[in-house]
Protein chains: 2
Amino acid sequence: MLNQQPGLDRMFHALADPARRAMVERLSSGPASASDLARPLPMSLPAALQHLQVLEGAGLVRSEKVGRVRNFSIEAGALSLAEQWIHARRTEWERRLDRLGAYLETLIREGEHDAPDK
Amino acid sequence: MLNQQPGLDRMFHALADPARRAMVERLSSGPASASDLARPLPMSLPAALQHLQVLEGAGLVRSEKVGRVRNFSIEAGALSLAEQWIHARRTEWERRLDRLGAYLETLIREGEHDAPDK
DNA sequence: CTGTTGGTTAAGCATTTGCTTAACTATAGC
DNA sequence: GCTATAGTTAAGCAAATGCTTAACCAACAG
């Protein structure tokens, strides 16, 4: 089995790093150049560029070079895959807990009028 | 800056591996023992245990030992952190795109009755 | 008590990450 | 054309990952 989804792999891996998340947060409020994104981070520019490559490889971010500066922007809707996966898990286990709750309730009801005393 | 959140780090990192996601998927539909979880995976039991440790370290999963078997179950609501982060990003950039759209629209409207011809 | 099952611990190893520095290319401004 | 700026490429390195096998411990079953 093992739901093979390289998309989710790369997506979650990309989001697992605080520097990369910071970049995504920054880009959520508008496009920015490579050095704009690198400046606030405590690392060299090549390092920041590597992070951006990871984000782009995960499809979270798009980049376009204009003149000598490379501008990055959010790939709108890219996170929906991750969002869907998480949401699926949540609903799945919530429904399970609901069923469990209902079951326990029937046990209690039955106990109310047909209980063997402890 | 760099929104330091080890919780998100570990959470996303835990979800970045297909074997670990498979385990979470399996646990979403009910508790299971260590070997139950390891069996479908193409790896040794110690390897699977290491994955489970990662999941537990990320707070996604809880385990309790009864007799000689260790039972794992989903930590309900653990994913909400990740869900919140993703949702925040989505709404942020959607609002931005809305504003951008509105701005472009005003440009068009202005153009309609006050256009310098091309 | 003895064997089998379920799990744990430890050591070792190949690969991947996340950074660095240094050298280089390409554009923009004067 | 010179020079400063923005980015790219490459080499190198320490640490973290993801596995393996082997040895071990604990509990239940006969």
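Chain identifiers are assigned alphabetically (A, B, ...) following the order of the sequence lines, protein sequences preceding nucleic acid strands; residue numbering begins at 1 within each chain.
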*Asks:* Rounded to the nearest Å, what distance is computed from the CG atom of residue B:Asn71 to the C1' atom of nucleotide C:dG6?
*Replies:*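 After rounding, the gap between these two atoms is 11 Å.
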*Asks:* When the distance from CD of A:Gln53 to P of D:dT8 is rounded to whole Å, what number comes out?
*Replies:*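 A:Gln53 atom CD is separated from D:dT8 atom P by 8 Å.
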*Asks:* Who pairs with A:Ser33 by side-chain contact (heavy atoms from CB on, under 4.5 Å), at least two apart in sequence or on another chain?
*Replies:*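 Per chain and number, A:Ser33 pairs via side-chain contact (heavy atoms from CB on, under 4.5 Å) with A:Ser35, A:Asp36, A:Val69, A:Asn71.
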*Asks:* Please list, chain by chain and in numerical order, all residues satisfying side-chain contact (heavy atoms from CB on, under 4.5 Å) with A:Arg89, sequence neighbours excluded.
*Replies:*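 Checked A:Arg89 against side-chain contact (heavy atoms from CB on, under 4.5 Å); matches are A:Trp85, A:Glu92, A:Trp93, B:Val24, B:Glu25, B:Ser28, B:Leu79.
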*Asks:* So, is B:Ser35 close to the C:dG7 phosphate, meaning a side-chain N or O under 4.0 Å from OP1 or OP2?
*Replies:*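 Yes, such a contact exists.
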*Asks:* Tell me the interatomic distance from B:Lys65, atom NZ, to C:dG6, atom C1', rounded to whole angstroms.
*Replies:*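 Computing the B:Lys65:NZ to C:dG6:C1' distance gives 8 Å.
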*Asks:* Let's see if you get this right: which residues in residues 55-64 of chain A place a heavy atom under 4.0 Å from DNA chain D?
*Replies:*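 Of all residues in residues 55-64 of chain A, none places a heavy atom under 4.0 Å from DNA chain D.
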*Asks:* Strictly distance-based, threshold 3.5 Å: is any side-chain N or O of B:Arg20 a donor or acceptor partner for the main-chain N or O of B:Ala14?
*Replies:*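 Flag set: sc B:Arg20 to bb B:Ala14 pair under 3.5 Å.
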*Asks:* Is there a side-chain contact (heavy atoms from CB on, under 4.5 Å) between A:Arg70 and A:Glu64 once you walk through the steps?
*Replies:* CA-CA 6 Å; A:Arg70 180 172 291 277; A:Glu64 190 193 2; over 6 Å; no
*Asks:* Evaluate the side-chain contact (heavy atoms from CB on, under 4.5 Å) criterion for residues B:His51 and B:Leu41: first the C-alpha distance (whole Å), next the side-chain angles of each, then the deciding distance (0.1 Å), finally the verdict.
*Replies:* CA-CA 11 Å; B:His51 282 300; B:Leu41 299 180; 5.6 Å; no
*Asks:* Taking A:Glu83 first and then B:Arg90, would you say they form a salt bridge - that is, a charged N and a carboxylate O separated by under 4.0 Å?
*Replies:*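 A salt bridge is present here (some side-chain N lies under 4.0 Å from a carboxylate O).
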*Asks:* What residues form a salt bridge (charged side-chain N to carboxylate O under 4.0 Å, His left out) with A:Arg68, not counting sequence neighbours?
*Replies:*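 So A:Arg68 forms no salt bridge (charged side-chain N to carboxylate O under 4.0 Å, His left out) with any residue.
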*Asks:* Distance from B:Glu75 atom CD to B:Leu27 atom CG, nearest 0.5 Å?
*Replies:*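 Between B:Glu75 CD and B:Leu27 CG, I get 11.5 Å after rounding to 0.5 Å.
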*Asks:* A:Arg95 side chain to B:Ser29 main-chain N or O, any donor-acceptor pair under 3.5 Å?
*Replies:*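 No, because the side chain of A:Arg95 does not come within donor-acceptor range (under 3.5 Å) of the backbone of B:Ser29.
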*Asks:* Please produce a list of atom pairs where a protein N or O lies less than 3.5 Å from an N or O of nucleotides 17-21 of chain D.
*Replies:*
residue: D:dG18; atom: OP2; partner: B:Arg20; partner atom: NH1; Å: 3.2
residue: D:dC19; atom: OP2; partner: B:His51; partner atom: NE2; Å: 2.2
residue: D:dC19; atom: N4; partner: B:Gln50; partner atom: NE2; Å: 3.4
residue: D:dT20; atom: OP2; partner: B:Ser44; partner atom: N; Å: 2.8
residue: D:dT20; atom: OP2; partner: B:Ser44; partner atom: OG; Å: 2.7

*Asks:* Rounded to the nearest Å, what distance is computed from the CG atom of residue B:Leu52 to the C1' atom of nucleotide C:dT8?
*Replies:*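 Nearest whole value for this atom pair: 13 Å.
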*Asks:* Let me know the distance between CG of B:Leu49 and P of C:dG6, rounded to the nearest Å.
*Replies:*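 Result: 13 Å.
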*Asks:* Any side-chain heavy atom of A:Phe72 within less than 4.5 Å of one from A:Glu56?
*Replies:*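 Result yes, sub-4.5 Å side-chain heavy-atom pair found.
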*Asks:* Taking the side chain as everything from C-beta on, heavy atoms only, tell me whether A:Ser73 gets closer than 4.5 Å to A:Val61.
*Replies:*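 The answer is no, as the side chains (C-beta and beyond) never meet within the 4.5 Å cut-off.
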*Asks:* What nitrogen or oxygen pairs link the protein and nucleotides 28-30 of chain D at under 3.5 Å?
*Replies:*
none

*Asks:* Measure from CG on B:Asp36 to C1' on C:dG7 and round the result to the nearest Å.
*Replies:*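 So the CG-C1' distance, B:Asp36 to C:dG7, works out to 13 Å.
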